[in-house]
Amino acid sequence: MAEERRFRSASGARIALRRRQHSASCRELAVRGPRLQLRSLSAATSAVWLAAYGLFALSENSMVLSAAIFITLIGLIIYLHFVKIDQESLLVIGSLGIQVTSSYASGKESTTFIEMGQVKDVVINEAIHMQKVIYYLCILLQDPEDPQGVSEVVPLFQSSKPRLDCLIEVYKSCQEILEQRKTAPQSS
């Protein structure tokens, strides 16, 4: 069973939250950001190439045009492979752990897995950025030496930056699974 709802990011861009429940203790939550706009990409490339052509016309050096083409192509490859994230997903499996995946525009995926034994809690935190309050979801990792302490905070959805209403949906789904884990009988 999968459902998709539309939300806005902190910057006002349209994003979509897809919730898929695989079982009672396994949910996948994916936030899909706005796709790469061909119009803005074309405008930026044209501006760089027009500036390079202007420099070529003044200097009559063909290396200027070659360098402009080379730099924009390399820049585009770097942007698509390392910067532009299309989708961020969270797979929460109550008995196993949490898998965080970022899918880049080039098709590359980056995945991190956190064992459920390390997860202390999933919380919504707030930060002040440029005179604005921004909310973000994060996983609190339990300190191995101090059961009451937190060893690390792992922020989620850093690229899409969903607003609070979307984060509450994800938070509630995560908390339902974490509560099942806490109330389930522990096997020794």
Side-chain angles (χ1 to χ4, degrees), residues 3-34 78-184 186:
E3 66 178 82
E4 186 168 300
R5 291 188 55 202
R6 305 265 184 236
F7 292 96
R8 296 260 180 200
S9 70
S11 64
R14 292 182 184 179
I15 58 173
L17 171 65
R18 189 182 74 233
R19 291 178 45 177
R20 184 178 289 162
Q21 184 162 341
H22 299 285
S23 70
S25 64
C26 178
R27 288 198 190 126
E28 184 177 4
L29 305 140
V31 175
R32 193 177 67 242
I78 290 170
Y79 178 74
L80 293 176
H81 198 67
F82 295 108
V83 177
K84 176 65 173 121
I85 295 176
D86 280 342
Q87 178 173 299
E88 296 171 290
S89 64
L90 189 66
L91 179 63
V92 184
I93 305 170
S95 60
L96 216 58
I98 299 174
Q99 177 177 301
V100 181
T101 305
S102 297
S103 302
Y104 291 83
S106 67
K108 176 183 127 179
E109 288 190 349
S110 171
T111 302
T112 304
F113 183 77
I114 302 168
E115 291 181 35
M116 198 53 87
Q118 294 179 305
V119 176
K120 182 173 178 72
D121 204 357
V122 175
V123 298
I124 295 176
N125 206 352
E126 62 185 22
I128 298 173
H129 178 69
M130 302 290 286
Q131 300 176 342
K132 188 177 182 183
V133 176
I134 297 175
Y135 298 94
Y136 62 95
L137 192 71
C138 57
I139 301 171
L140 303 178
L141 300 183
Q142 191 165 356
D143 188 352
E145 288 140 21
D146 178 18
Q148 301 301 322
V150 174
S151 66
E152 191 177 342
V153 176
V154 180
L156 304 171
F157 307 118
Q158 289 190 322
S159 177
S160 53
K161 294 180 177 64
R163 288 186 179 170
L164 184 59
D165 54 351
C166 180
L167 292 177
I168 289 173
E169 294 275 329
V170 177
Y171 171 79
K172 285 179 181 178
S173 288
C174 291
Q175 287 300 324
E176 286 174 13
I177 293 175
L178 291 175
E179 284 301 316
Q180 288 175 6
R181 184 183 67 120
K182 290 176 185 174
T183 58
Q186 300 294 321

side-chain hydrogen bond (donor to acceptor under 3.5 Å, both in side chains) assessment of Ser160 paired with Glu88: CA-CA 8 Å; Ser160 53; Glu88 296 171 290; 2.7 Å; yes
Evaluation steps, side-chain hydrogen bond (donor to acceptor under 3.5 Å, both in side chains), between Gln142 and Asp121: CA-CA 8 Å; Gln142 191 165 356; Asp121 204 357; over 6 Å; no
side-chain contact (heavy atoms from CB on, under 4.5 Å) assessment of Leu91 paired with Thr101: CA-CA 8 Å; Leu91 179 63; Thr101 305; over 6 Å; no
From CA spacing to verdict: side-chain contact (heavy atoms from CB on, under 4.5 Å), Leu29, Cys174: CA-CA 9 Å; Leu29 305 140; Cys174 291; 4.2 Å; yes
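Nearest heavy atoms, Gly94 versus Ile177: CA-CG2, 3.5 Å.
Taking the side chain as every heavy atom from C-beta outward, Phe7 and Val31 never approach each other to under 4.5 Å. Counting heavy atoms from C-beta on, the side chains of Arg14 and Arg6 never come closer than 4.5 Å. The shortest side-chain heavy-atom distance between Asp86 and Lys84 falls under the 4.5 Å cut-off. Looking only at side-chain heavy atoms (C-beta outward), Leu140 and Val153 come within less than 4.5 Å of each other.
Between atom CG of residue Leu90 and atom CD of residue Gln99 there is a gap of 9.5 Å, rounded to the nearest 0.5 Å. In this structure, Lys161 NZ and Leu137 CG are separated by 14.0 Å, a value rounded to the nearest 0.5 Å. The CG atom of Leu178 sits 11.0 Å away from atom OG of Ser173, with the distance rounded to the nearest 0.5 Å. Atom OG in Ser89 sits 7.5 Å away from atom CZ in Phe157 (nearest 0.5 Å). Summarising the geometry, atom CG belonging to Leu156 is positioned 7.0 Å from atom SG belonging to Cys138; distances are rounded to the nearest 0.5 Å. To the nearest 0.5 angstrom, Ile78 atom CD1 is 7.0 Å from Phe82 atom CZ.
Across Arg19, Arg20, Arg32, Arg18, a single residue satisfies salt bridge (charged side-chain N to carboxylate O under 4.0 Å, His left out) together with Glu4, and that is Arg32.
Arg8 places no side-chain N or O within 3.5 Å of a backbone atom of Ala13 that could act as its donor or acceptor partner.
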